[in-house]
Amino acid sequence: MAKDNKSGKPEWYPLDNAGVLYSAIQKERYSAIYRFSAVMEERVDSAALQRAVNRTMPRFPSFGVRIKKGAFWYYCEPNSSPGPFIREDISNPCQPVRFREDGGWLVRFYYYERRISIEVFHAISDGGGALVFFKTLLAVYLRELGYAVPNECGILDVDQPPKKEEREDAYARYAGKRVLRAPLGEKAYPNTGTPEPFYSLNVTMGFLPLDILKEKAKSYGVSITEYLTAVLMKVLVEKQHRERPRRERPVALAIPINLRAWFPSKTLRNFILTVRPCIDPSLGSYTFEEILSQVHHYLRLNINRQQMQAMLTGNVRFTTNKILRLIPVALKDPVMSLSYHLAGVRPYTGTYTNPGAFLVPQAMGRHIRRMEVILGQATLPRVHCASISYGNEMEITFAGTLKETDTERDFFRFLVREGIPVKVESNRTACSELMF
Amino acid sequence: MSYCVNCGVELDDTARFCPLCHTPVVNPNQPVNDALPTPFPEERGEVPPAAKREAAILLSAMLASAAVCCGVLNLFLHPSRMWSLYVIGAAVMLWIWLVPPLLDRGMHLLLRLMLDVGAVALYVFFISLDLNGWTWYAGLALPIILWGGSLVLLLGLLLRVNRRSLLTTVTILLGSLGAFLVGVEFFIDHWIARAWEPTWSIIVLAICAGLMIPLLVVRRVPALREEARRRFHL
Ligand SMILES: [Zn+2]
């Protein structure tokens, strides 16, 4: 869809349907942002990092864009403002973006001690695309420091020109004929808490040995993602039960699925769908094994190529619908915000995303100590959970704008009781007044 | 390395308390290490409020076009009277009220209130131009506007810059209403008779004071305050 560059004008392209959604729900005080961090073995050389950013950005044109509001849809165009510039890290990450400020950049770079972090606005890329970008950036950074790093394990060659298929709208490419509309989920247990003053994001990270975790999941006959999903759901079911509500609501999680594993695509833009495993405690109490079995079978049953294709077709229809196209974006935004709330927030208790293992060439692995991921604020004061594994370490982050620590506390205590050692770090510096 | 005695999780060497349950770290064998950098930076980043430039431009354009339209119409319709000044003045006043706060979202409340009062004074000045009323403008309208404006500034300072409870807010509002009306009568009397004989404003002031006394009592007596909180969900 990208317009040709012959006229000399910068190329623009419309956002994919996920990008449309994240731009529509964008507010002054909320943006869909996530962060990946790499903790290096040495302190970060900021000059080398800035050089690496300057070298890497041209190879990833889909990250060097700004989003503009057209009359009917948002669109992307190459950002020609100076930057992006790396900055010293801050204690409250994943701040909202502004389309017209900060040069309009939708990707940010931070460094602190040994940590290099990137923050990405979800409208331009999903975790899968951002990790390719980040991995390449880290490789270029290490080369700037004088180490030889081969272009393996998904690292792109920054000396080559960008490829068109990396900027494709993969949703549109794989949209089929049949539409499957998931029924609007029932209102789930919201798991909200006391909001911190704007803008704070409380981040708590837990570090687990991957081999012990893998062994544990294997002993139940499930994958690591399924195991951690079930632990989180068990903890949330019990938390709701402790609060003694008049009526116990279902506990449902949004689990993003990287569609590249099912539909081959090199796109660095969004290409995900979410599934919704759900436990309804009003039917009776569930043991941990029963929740595990529910999650395991739900994910195996519902994640298949045909069903996902029909779901993404429905999403694509929305952006290509002739009537919807003629509604001005100013009217479309509030409608989309509301439907996002009804279909994407209300039926969920939280989000858990696991982009999986971060694989790097051996020459690079020597310089990276660990990897971290943070899902930025939710539209409500609730925590979101994300995890990433690197080497023999699984990193699990809970991040949210609320004061309470109940969800992460119960989660990590559960893992400790299961015999998995956990190390915890947090950006919480002051004891909250909500002490026990 | 230290562990939380409550959660059983390992903690960072710089942690003074467990981030999960806030239990303080007490480890005689290994005190908290302040020399190491903390795992996360301690410097906070601020999120500046976004300027609503688009809305400001749209609003300016709408007000300007309304003012220009009326100005042009005035040339043909009742050209003997400058009636369009009323509309233009209103547009200017609305512009001052609405647009600067959109452009500078972090604008201080007192500065904003001063601009607003200035806008009212300007609008009344436009009206006095049409009515050839410089004398009443300078002698009566301007003092009343300035008196009201200074009260509003004081209220802004009392209520917004330092937050108050609802009871206190209502008490202060009643008091300033009474004071404002006493001032209004003072200026009117002074303008008409050059002497101050307070009558109706004293009655209003007495009513305001009468309303304020029970509120003050409730505010002062803790038991009553709690009762009011419970009854009215304050
Ligand atoms: Zn603890």
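Values below: every heavy atom of this structure, side chains too, minus hydrogens, waters and symmetry copies. In what follows, chains carry the letters A, B, and so on, assigned in the order in which the sequence lines appear, proteins first and then strands, with residues in each chain numbered from 1.
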Query raised in the report: Quick one: what part of A/E28 sits under 4.5 Å from any heavy atom of chain B, side chain, backbone, both or neither?
Result: side chain
Query raised in the report: Does any donor atom in the side chain of A/K403 or A/N202 lie under 3.5 Å from an acceptor atom in the other side chain?
Result: no
Report task. Select, from A/V203, A/V416, A/L415, A/V39, the one with the greatest count of heavy-atom pairs under 4.5 Å involving chain B. Result -> A/V416
Requested in this report: Measure the CD-CD distance between A/E88 and B/E43 for me, rounded to the nearest 0.5 Å.
Outcome: 8.0 Å
Requested in this report: Could you tell me whether a side-chain N or O of A/N427 sits under 3.5 Å from a main-chain N or O of A/S91, the two making a donor and an acceptor?
Outcome: yes
Report summary line: Separation between CG (A/N92) and CD (A/Q377), nearest 0.5 Å, reads 10.5 Å
Query raised in the report: Which class fits the ring pair A/H122 and A/Y22: parallel under 30°, tilted 30 to 60°, perpendicular over 60°?
Result: parallel
Report summary line: Among A/F412, A/F398, A/Y110, A/Y199, the residue with the most heavy-atom pairs under 4.5 Å to chain B is A/Y199
**Report entry** chain B interface, residue from A/R114, A/R115, A/M205 that has the most non-hydrogen pairs under 4.5 Å
**Finding:** A/R115
Requested in this report: Answer with side chain, backbone, both or neither: which region of A/E113 has an atom nearer than 4.5 Å to a non-hydrogen atom of chain B?
Outcome: side chain
Query - Toward chain A: residues of residues 116-125 of chain B with heavy atoms under 4.5 Å - result: none
Query raised in the report: By a 4.5 Å heavy-atom criterion (distance strictly below it), what part of B/T14 contacts chain A: side chain, backbone, both, or neither?
Result: neither
Query raised in the report: Closest approach of A/C94 and A/E119, non-hydrogen atoms and distance?
Result: N-OE2, 2.8 Å
Query raised in the report: With no hydrogens and no angle check, is any side-chain donor or acceptor of B/N33 less than 3.5 Å from a backbone partner on B/A35?
Result: yes
Report summary line: Value for CZ (A/R409) from NZ (A/K239), rounded to nearest 0.5 Å, stands at 9.0 Å
Report summary line: In this structure, OG of A/S117 is separated from CZ of A/R87 (nearest 0.5 Å) by 12.0 Å
